[in-house]
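For reference, the structure is listed below as structure tokens.
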Amino acid sequence: MTIRTYNTLSGKKEILQTIEPGHVKLYVCGITSYDYCHIGHARSSLAFDMIVKYLKYRDYKVTFVRNFTDIDDKIIARANEQNTTSEELANRFINEFHVDMDKLGIARPDIEPRATEHIDEMITMIGELIANGKAYEAGGDVYYIIDSFPEYGKLSKRNIEDMKAGARISINEQKKHPMDFVLWKAAKPGEPKWKSPWGDGRPGWHIECSAMSKKYLGETFDIHGGGQDLIFPHHENEIAQSEGANGKPFVKSWIHHGFVTIRDEKMSKSLGNFLTIRDILDNYHPEVLRFFIFSTHYRNPLDFSEAAMQDATAGLDRLYQCVASINELDKTNTRQDTETAFGESDLLKIDSLEERFQQAMDNDFNTAQAQGVFFDTVKTINKIRAKLSEKPLATDIDKLKATTSILKNLAAIMGLLCEDASTYLLTKKQDMLTNCDIDADAIEALIIERKQCRIDKNWSRSDEIRDELLAKNIELKDGADGTRWVVKSK
RNA sequence: GGCGGCGUAGCCAAGUGGCUAAGGCAGUGGUCUGCAAAACCAUUAUUCAUCGGUUCGACUCCGAUCGCCGCCUCCA
């Protein structure tokens with residue numbers, strides 16, 4: 001089996017063929033660090049975290065580079081507002097980014113290069129572009145000559161003439177062609193600046209990724225990723241820069257993920273429909289966010305809502321409850337005969353779990369389908385669990401435990417089921433209890449009272465207790481081994 | 001205006017021309033329960049925005065129409 005990924009450049013799903021056998025070199029555009037991260041950033045980080053984890057699971061070596069843009073107009077403007085330096089501001093939000101990523105359980109990339117630490121590499125590349133006749137200096141700025149790169153537009157599938165018609169390009173007297181983009185910006189008074197052959201200034205946005213990817217991954221590498229909004233102009237310009245300077249293909253395959261929307265609109269500060277990762281984690285377990293993000297394919301838009309998060313919570317709980325119920329099985333009272341609870345079709349489902357998971361994930365990382373495979377398996381496990389007699393077959397228990405173990409390993413690729421199941425459920429229960437009008441001891445006391453009522457067949461008082469607790473969101477579950485309680489979600 | 005994408009059940013969401021159109025949430029009926037809950041079983045799209053076309057056969061390919069979204073300025 002082979003992994004196939006959708007390549008924005010070709011517009012098709014393609015078989016993953018790495019330049020160096022068994023080694024994927026991946027570059028992802030990271031954040032501009034001037035504010036807290038929102039759930040769109042979370043989607044980006046989570047998508048590539050999942051991709052890296054899956055590639056490793058499929059035995060690829062992965063070199064993963066994700067940059068920080070720590071110098072740009074927004075950073076300078078925000079630093080001025082806050083009476084600080086752009087360096088301090090950028091560093092502060094890089095730290096906050098790491099705090100959020102750690103909470104989400106996202107593994108660090110192998111290399112996290114910062115733009116300001118690669119000014120020399122950028123200056124070198126800009127020099128090469130000027131030497132190749134693909135850039136010019138004008139008043140301390142350096143611009144890329146769009147017309148010198150005939151393939152300009154090949155990623156975003158647009159042509160220069162059409163874009164001129166769009167007429168939303170700001171007029172800049174310095175530019176020879178309105179679409180020429182800046183490689184180096186002359187410093188304005190009071191702005192951070194670096195020395196260069198064209199005078200003091202700072203790099204344009206796009207050049208950093210060309211320079212840093214070259215340094216860490218080479219002139220041509222396997223996969224470059226980012227959000228769909230980066231296709232144009234950022235990634236288009238990166239191609240022009242890198243291929244213009246190196247004379248070699250830049251990237252084999254481009255992966256772009258979709259947006260998180262709120263009420264079907266892209267999040268943006270101007271619309272005020274903006275949610276930070278922290279806002280979400282205040283109210284939801286990180287795995288709920290992960291479950292939600294991976295419930296659709298990474299290229300589709302994903303609409304955030306409280307209802308969707310409740311659905312995700314219910315789904316994740318179902319997975320954890322299944323794992324917990326199997327963990328609780330013990331083999332102290334088992335049989336050794338051959339009357340298995342597994343039917344033929346059950347075995348077929350159970351035994352094909354990993355293969356079906358791989359099929360889904362090999363197909364452009366189809367996490368939504370993979371989640372379907374998980375639930376299909378959970379259904380089978382629950383069915384067998386319900387069929388087990390009081391004295392079950394030892395090998396049946398082994399099989400159930402082996403299956404949940406595989407399930408957990410596969411779910412971990414999406415960062416799901418990473419906690420101990422009973423700990424997750426218990427913690428959740430305790431968290432929810434703090435919002436209830438009653439404590440655990442009082443609940444236990446009522447359960448004991450109700451137990452006696454039930455022995456006495458005093459059903460009215462027994463039901464009264466149950467209703468009383470239910471009014472406080474506590475739900476009772478009578479089982480063979482006594483009564484348990486759960487906090488009902490709203 | 002140009003380009004890209006989407007439209008599958010009440011909601012969310014898979015579906016790489018041919019097998020019963022996955023799965024989740026919600027709902028309904030049943031099993032289990034003293035009654036419930038959970039779990040399990042069954043059930044919920046003769047149909048995939050609409051209309052045409054290609055094909056022996058299309059949710060899947062092509063064209064048109066309608067609706068929604070994104071990019072074309074910073075953006076994950």
Side-chain angles (χ1 to χ4, degrees), chain A residues 4 8 11 13 28-32 34 37-48 72-74 77 153 156-159 161-170 179 205 225-234 236 256-261 264-269 291-292 295-297 299-303 305 307-308 310-316 318-319 321-322 325 356 359-360 362-364 366-379 381-387 453-454 457-460 462-463 466-467 470 475-480 483-486 488:
Chain A
R4 298 187 316 133
T8 310
K13 280 185 202 170
V28 174
C29 290
I31 58 158
T32 299
Y34 71 107
C37 288
H38 56 67
I39 48 180
H41 297 117
R43 185 180 196 187
S44 177
S45 312
L46 286 168
F48 289 105
D72 100 316
D73 292 348
K74 290 190 297 294
S156 54
K157 290 160 184 72
R158 56 187 80 196
N159 64 61
E161 291 311 307
D162 288 345
M163 284 186 283
K164 274 201 290 196
R168 283 171 74 184
I169 301 144
S170 60
M179 289 301 295
W205 174 34
Q228 278 168 357
D229 51 352
L230 296 182
I231 296 173
F232 190 89
H234 186 53
E236 198 69 69
H256 291 103
H257 65 262
F259 297 118
V260 178
T261 60
D264 291 324
E265 278 181 323
K266 184 179 166 182
M267 285 194 307
S268 78
K269 290 193 173 172
F291 186 98
F292 167 68
S295 67
T296 190
H297 185 267
R299 270 187 292 114
N300 290 348
L302 177 61
D303 197 48
S305 67
Q310 292 296 340
D311 277 9
T313 306
L316 183 64
R318 184 170 157 85
L319 295 180
Q321 270 155 11
C322 170
S325 82
R356 287 185 295 143
Q359 254 168 27
D362 278 357
N363 183 17
D364 197 23
N366 194 332
T367 52
Q369 194 173 31
Q371 284 190 352
V373 174
F374 293 161
F375 282 107
D376 212 40
T377 306
V378 163
K379 194 182 229 177
I381 292 171
N382 284 340
K383 186 173 130 192
I384 302 302
R385 172 79 177 85
K387 268 169 77 178
C453 290
R454 295 180 75 211
K457 297 201 191 298
N458 180 359
W459 305 128
S460 62
S462 159
D463 289 352
R466 193 174 61 204
D467 292 344
L470 195 59
E475 204 161 45
L476 296 184
K477 301 179 179 188
D478 297 328
T483 299
R484 303 182 192 205
W485 58 273
V486 294
K488 243 180 107 171

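Reminder, nothing fancy here: chain letters follow the sequence lines and each chain counts from 1.
Summarising the geometry, the separation between CD on A:Q228 and P on B:C6 is reported as 10 Å, rounded to the nearest angstrom. Between the C1' atom of B:G23 and the CD1 atom of A:I381 lies a distance of 15 Å, rounded to the nearest Å. Distance A:F291 CZ to B:C12 C1': 10 Å, rounded to the nearest Å.
Using a 4.0 Å heavy-atom cutoff across all strands shown, A:V260 reaches at least one base atom of the nucleic acid.
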Interface polar pairs with nucleotides 16-19 of chain B, N/O, under 3.5 angstrom:
unit_1, atom_1, unit_2, atom_2, d
B:U16, O2, A:R4, NH2, 3.1

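A donor and an acceptor atom never sit less than 3.5 Å apart when one is taken from the side chain of A:D478 and the other from the base of B:C32. For A:T8 and B:G4, a side-chain-to-base donor-acceptor distance below 3.5 Å is absent, hydrogens and geometry of angles not being considered. With hydrogens and angles ignored, no donor-acceptor pair under 3.5 angstrom links the side chain of A:R385 to the base of B:C40.
At the phosphate of B:A14, OP1 or OP2 sits under 4.0 Å from a side-chain N or O atom of A:N300. Listed pair A:N159 / B:G2 fails the phosphate criterion, with no side-chain N or O lying under 4.0 Å from OP1 or OP2. Between A:T32 and the phosphate of B:C74, there is no side-chain N or O to OP1/OP2 separation shorter than 4.0 Å. Regarding contacts with the backbone of B:C71, a side-chain N or O of A:K266 is found under 4.0 angstrom from either OP1 or OP2.
Every residue two or more places apart in sequence or in another chain was checked for a side chain to side chain donor-acceptor pair (under 3.5 Å) with A:S305, and none qualifies. Applying the side chain to side chain donor-acceptor pair (under 3.5 Å) rule to A:T32 yields no partners; only residues at least two apart in sequence or on another chain are considered. By the ring-ring contact (aromatic ring centres under 6.0 Å, His included) test, A:H41 pairs with A:H38, sequence neighbours left out. Residues passing the side chain to side chain contact (heavy atoms under 4.5 Å, CB included) test with A:R484, sequence neighbours excluded: A:E328, A:D481.
Pair assignment for B:U33 gives none, since no Watson-Crick or G-U wobble pairing has each distance under 3.5 Å. B:U43 is paired with B:G27 under the criterion used here, namely a Watson-Crick or G-U wobble arrangement in which both key atom distances are under 3.5 Å. The partner of B:G70, taking Watson-Crick or G-U wobble pairs whose two distances both stay under 3.5 Å, is B:C3. Pair assignment for B:C61 gives B:G53, based on Watson-Crick or G-U wobble hydrogen-bonding distances that are each under 3.5 Å. Pair assignment for B:C48 gives none, since no Watson-Crick or G-U wobble pairing has each distance under 3.5 Å.
Nearest nucleotide to the side chain of A:F232, out of B:A76, B:C72, B:A14: B:C72. The side chain of A:H257 sits closest to B:A76 out of B:G4, B:A76, B:A13. Relative to the side chain of A:N382, the nucleotides B:G23, B:A39, B:C35 differ in distance, and B:A39 lies closest. Of the candidate nucleotides B:A14, B:C72, B:C3, B:C3 has the atom nearest to the side chain of A:K157.
By the 5.5 Å and 30° criteria, A:F259 is not stacked with the base of B:G70.
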Nucleic acid footprint by protein, nucleotides 25-31 of chain B - heavy-atom cut-off 4.0 Å, B for base, S for sugar-phosphate alone: S------

